[in-house]
Amino acid sequence: MSEEREPDQPVCALCERPVLPGTPQSLHHLVPKLRGGKGGPTVLVHQVCHNEIHASASEAELARLGNTPEKLRAHPRLGKFVAWVRKRPADFHSKTPGTRRGWKRR
């Protein structure tokens with residue numbers, strides 16, 4: 001797929017790649033809902049980026065550090081992820097490696 005972006009095409013707030021129609025996407029609450037962000041500001045992100053945000057930081061950590069996309073990109077693990085995913089096509093999607101924080105293993 002072409003990486004050239006049309007002027008009205010949305011951009012992922014985390015990786016800053018275009019969000020193409022049909023690509024898995026999600027709205028990320030900048031302040032976690034469990035930490036008072038219900039009804040607060042949200043940003044459009046690729047689903048793979050959203051999965052990585054929640055795999056990289058707990059709700060409490062996101063509440064402390066991640067109330068802007070710039071602060072999320074400054075997180076060590078997310079910064080590495082962004083550098084890696086920017087090299088992928090805009091419609092790239094894969095499973096997030098590892099488990100999500102806080103989930104119990106069975």
Side-chain angles (χ1 to χ4, degrees):
M1 294 214 142
S2 172
E3 290 298 310
E4 293 185 26
R5 189 172 72 84
E6 295 180 25
D8 59 343
Q9 192 168 43
V11 175
C12 176
L14 185 66
C15 71
E16 300 176 320
R17 296 177 300 144
V19 178
L20 302 176
T23 302
Q25 57 189 276
S26 184
L27 290 176
H28 172 68
H29 285 83
L30 291 172
V31 176
K33 290 189 286 185
L34 296 174
R35 301 292 178 169
K38 187 174 182 180
T42 60
V43 292
L44 180 67
V45 292
H46 292 104
Q47 187 63 50
V48 69
C49 295
H50 200 202
N51 293 349
E52 188 64 30
I53 289 169
H54 288 283
S56 297
S58 67
E59 297 291 315
E61 189 177 6
L62 287 172
R64 282 192 309 271
L65 92 106
N67 59 1
T68 67
E70 294 79 20
K71 290 179 181 179
L72 290 173
R73 286 191 290 273
H75 184 278
R77 179 172 163 175
L78 288 172
K80 289 179 185 178
F81 169 78
V82 168
W84 175 81
V85 82
R86 281 183 177 164
K87 299 174 188 172
R88 307 294 180 269
D91 60 350
F92 173 79
H93 183 75
S94 73
K95 291 184 178 179
T96 303
T99 59
R100 290 180 60 167
R101 289 182 184 241
W103 283 36
K104 295 180 181 177
R105 293 184 185 188
R106 295 183 181 173

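Every heavy atom of this structure was used, including side-chain atoms; hydrogens, water molecules and symmetry mates were not. Not measured: the values here are computed from a predicted model.
The CZ atom of R77 lies 4.5 Å from the CD atom of E52; values are rounded to the nearest 0.5 Å. Going from atom SG of C49 over to atom NE2 of H54 covers 11.5 Å, rounded to the nearest 0.5 Å. To the nearest 0.5 Å, the span separating CD on E70 from CG on L14 amounts to 10.5 Å. One distance of note links CG of L34 with CG of L62; it measures 10.5 Å at 0.5 Å rounding. Note that NE2 of H93 and NE2 of H46 are 11.0 Å apart. Values are rounded to the nearest 0.5 Å. With rounding to the nearest 0.5 angstrom, the CD atom of Q47 is 10.5 Å from the SG atom of C12.
Linking Ile, Leu, Val, Met, Phe, Trp and Tyr residues whenever their side-chain heavy atoms come within less than 4.5 Å places V43 and V85 in a single cluster. Note on V45 and V31: separate hydrophobic clusters, where clusters join Ile, Leu, Val, Met, Phe, Trp and Tyr whose side-chain heavy atoms are under 4.5 Å apart, directly or indirectly.
Heavy atoms only, all atoms of each residue included: E59 and P32 are closest at OE1-CB, 2.8 Å. The two residues L78 and S56 come nearest to each other via the heavy atoms CD2-OG, 3.6 Å.
For the side chain to side chain contact (heavy atoms under 4.5 Å, CB included) test, residues two or more places apart in sequence or in another chain that qualify with L65 are E61, H75. Legend: residues meeting ring pair (Phe, Tyr, Trp, His ring centres under 6.0 Å) with H29, ordered by chain and number and at least two apart, are absent.
Distance alone, capped at 3.5 Å, is enough to place a donor-acceptor pair between the R73 side chain and the A13 backbone.
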Give the table of side-chain donor-acceptor pairs shorter than 3.5 Å for residues 20-28, with sequence neighbours excluded, one pair per line with atom names and distance.
residue: T23; atom: OG1; partner: L20; partner atom: O; Å: 3.1
residue: Q25; atom: NE2; partner: T23; partner atom: O; Å: 3.4
residue: S26; atom: OG; partner: H50; partner atom: ND1; Å: 2.8
residue: H28; atom: ND1; partner: H50; partner atom: NE2; Å: 3.3

